[in-house]
There are 2 protein chains.
Amino acid sequence: MPDNFTKRAGWCQGRFKGYGYRLTLSRQAILAVLSRTGEHLSAEEIYHRVHKIHPSSGMSTVYRTLELLVQLQMVHKFDFGDGRARYELQRSKEDKEDHHHHLVCLRCQRVINYTDFIDDEVELLKRTEKGLAKKYNFKIMKHILQFYGLCEQCKDRE
Amino acid sequence: MPDNFTKRAGWCQGRFKGYGYRLTLSRQAILAVLSRTGEHLSAEEIYHRVHKIHPSSGMSTVYRTLELLVQLQMVHKFDFGDGRARYELQRSKEDKEDHHHHLVCLRCQRVINYTDFIDDEVELLKRTEKGLAKKYNFKIMKHILQFYGLCEQCKDRE
DNA sequence: ATTGTAAATGGGACTCATTCTCATTAATAA
DNA sequence: TTATTAATGAGAATGAGTCCCATTTACAAT
Ligand SMILES: [Mn+2]
Ligand SMILES: [Mn+2]
Ligand SMILES: [Zn+2]
Ligand SMILES: [Zn+2]
């Protein structure tokens, strides 16, 4: 009986192969790492975890693969403002349960996924997108909405 | 009769001095450049324009001054996803006429300021911030909301 | 105007995330 | 098995931004 992580990794691998790319050991390891975490990992953090599974993988491959996964929309790439990109696996393409936004602590870099208010937000964003697209004749492809501040642990410190 | 740009630059200089900092030629030049543009300039672009006014200014000073201006909230720093920060003068601290969000072209990097829907957006953001602050005991200090896509000129190209 | 002083500067060395290059390896189809 | 060619890993290169420090400059006090 495979656990959820393993199942998810398997599904990802299938999807990946479906696009016609070769499923190498490095790529398997990267997908495994992304599948089994809920964190927002940097390329370096991913590299370290991949290294435990498949020590001969290199940083170049990690970057290359992440870039590819982002392009295939299997992974989301975020910039939380600390100078290094973060990556997060797209869980269900059929959104709803997966769709969330982020709260980022400016002090400890903790990232909280939140789904509260998402419905209101999504509705407003859709409306805004439609209005902007028409007024500026702009094809909107994505948006970024993030809140920054101090988390519970950091706001009282020192 | 000083034009608007000159007036704005003068106002900025006064504000800057009010904080107790020395008004050097480099700083004057940087404020002048920011005052007379509506664009979202990178540090390098600012450096080039400053160089025309005051050729002996260096990049270090441009970066240092921008950092200071951001800290004083006289300038906003943005990341539009192309690997270099952009800077924009805060025009009126008393918001309203100044408050806007951004539409960013992924192809030509053009940035459009828009104020449409701003009221709705601001209201939703305020509500969301309040809810998140309570639920996650998080002190929210700022947010980022940006739309990305293809501008009028780029969407039809090839 | 002159001077004393700390603030600010400029330029070049440095950092560090990411990208590039290229000789070698390995996944897949035949 | 083998041929093909995508993918890799190591390390060099890139480039935005930061840091250091000897020199200069703004400006307050004379
Ligand atoms: Mn997330
Ligand atoms: Mn703007
Ligand atoms: Zn924190
Ligand atoms: Zn464009």
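The basis for the numbers below is simple: all heavy atoms, side chains too, and nothing from hydrogens, waters or symmetry mates. Chain letters run A, B, ... following the sequence lines, proteins first and then strands; every chain starts at 1. On a predicted model such as this, the values are computed, not experimentally measured, just so you know.
In this structure, CE of Met59(A) is placed 7 Å from P of dT18(C), rounded to the nearest angstrom. Distance Tyr47(B) OH to dT9(C) P: 14 Å, rounded to the nearest Å. Atoms CD1 (Ile30(A)) and C1' (dG9(D)) sit 12 Å apart, rounded to a whole Å. Taking atom CD on Gln28(A) and atom C1' on dT28(C), their separation rounds to 14 Å, with Å as the unit. Atom pair Leu23(A):CG and dT8(D):P shows a separation of 10 Å (rounding to whole Å applied). Note: CG (Leu66(A)) to P (dA7(D)) measures 15 Å, nearest angstrom. What separates NE2 of His54(B) from P of dT25(D) is a distance of 8 Å, to the nearest Å. Atom CZ of Arg84(A) is separated from atom C1' of dA16(D) by 16 Å (rounded to the nearest Å).
Nearest-nucleotide positions on DNA chain D for Glu67(B) and Thr65(A) put Thr65(A) closer to the 5' end.
In terms of polar N and O atoms assigned as donor or acceptor, the side chain of Arg64(A) comes within less than 3.5 Å of the base of dG9(D) in a complementary pairing.
When distances are taken from the side chain of Leu25(A) to each of dA27(C), dC27(D), dT8(D), the shortest belongs to dA27(C). Counting only heavy atoms from C-beta on, Ser57(A) has its side chain closest to dG9(D) among dA16(D), dG9(D), dG11(C). The side chain of Ala85(B) approaches dG17(D) more closely than any other nucleotide in the set dG9(D), dC20(D), dG17(D). Of the candidates dG17(D), dT9(C), dT18(C), dG17(D) carries the atom nearest the Ala43(B) side chain, counting heavy atoms from C-beta on. Relative to the side chain of Thr24(A), the nucleotides dT18(C), dG11(C), dA7(D) differ in distance, and dA7(D) lies closest. Side chain of Arg22(A), nearest nucleotide from dT9(C), dC20(C), dT28(C): dT28(C). Nearest nucleotide to the Lys17(A) side chain, out of dT28(C), dA16(D), dA17(C): dT28(C). In this structure, the nucleotide among dA7(D), dG9(D), dT9(C) sitting nearest to the side chain of Arg27(B) is dT9(C).
For the pair Lys142(A) and Tyr148(B), the cation sits on the ring face: its NZ or CZ lies under 6.0 Å from the ring centre, inside 45° of the axis.
Clustering ILVMFWY residues whenever any of their side-chain heavy atoms sit less than 4.5 angstrom apart, transitively, puts Ile140(B) in the very cluster that holds Tyr114(A).
Within the 4.0 angstrom heavy-atom criterion, no nucleotide atom of any strand lies near Ser42(A). Within 4.0 Å of Ser56(B), counting heavy atoms only, lie sugar-phosphate atoms of the nucleic acid but no base atom.
Taking the six-membered ring for Trp and thresholds of 30 and 60 degrees, His100(A) and His102(A) have ring planes more than 60 degrees apart, a perpendicular arrangement.
At the phosphate of dT9(C), neither OP1 nor OP2 sits under 4.0 Å from any side-chain N or O atom of Ser60(B). For Tyr63(B) and dT18(D), the shortest distance from a side-chain N or O to OP1 or OP2 is not below 4.0 Å. For Ser26(B) and dA8(C), the shortest distance from a side-chain N or O to OP1 or OP2 is not below 4.0 Å.
Atom CZ of Arg36(A) and atom CD of Glu39(A) lie 12.5 Å apart (nearest 0.5 Å).
Around the NZ atom of Lys139(A), the shell of radius 6.0 Å holds no more than 12 heavy atoms that belong to other residues, nucleotides or ligands.
Ionic pairing of Arg49(A) and Glu45(A) is not present here: no N-O contact between side-chain nitrogen and carboxylate oxygen is shorter than 4.0 angstrom.
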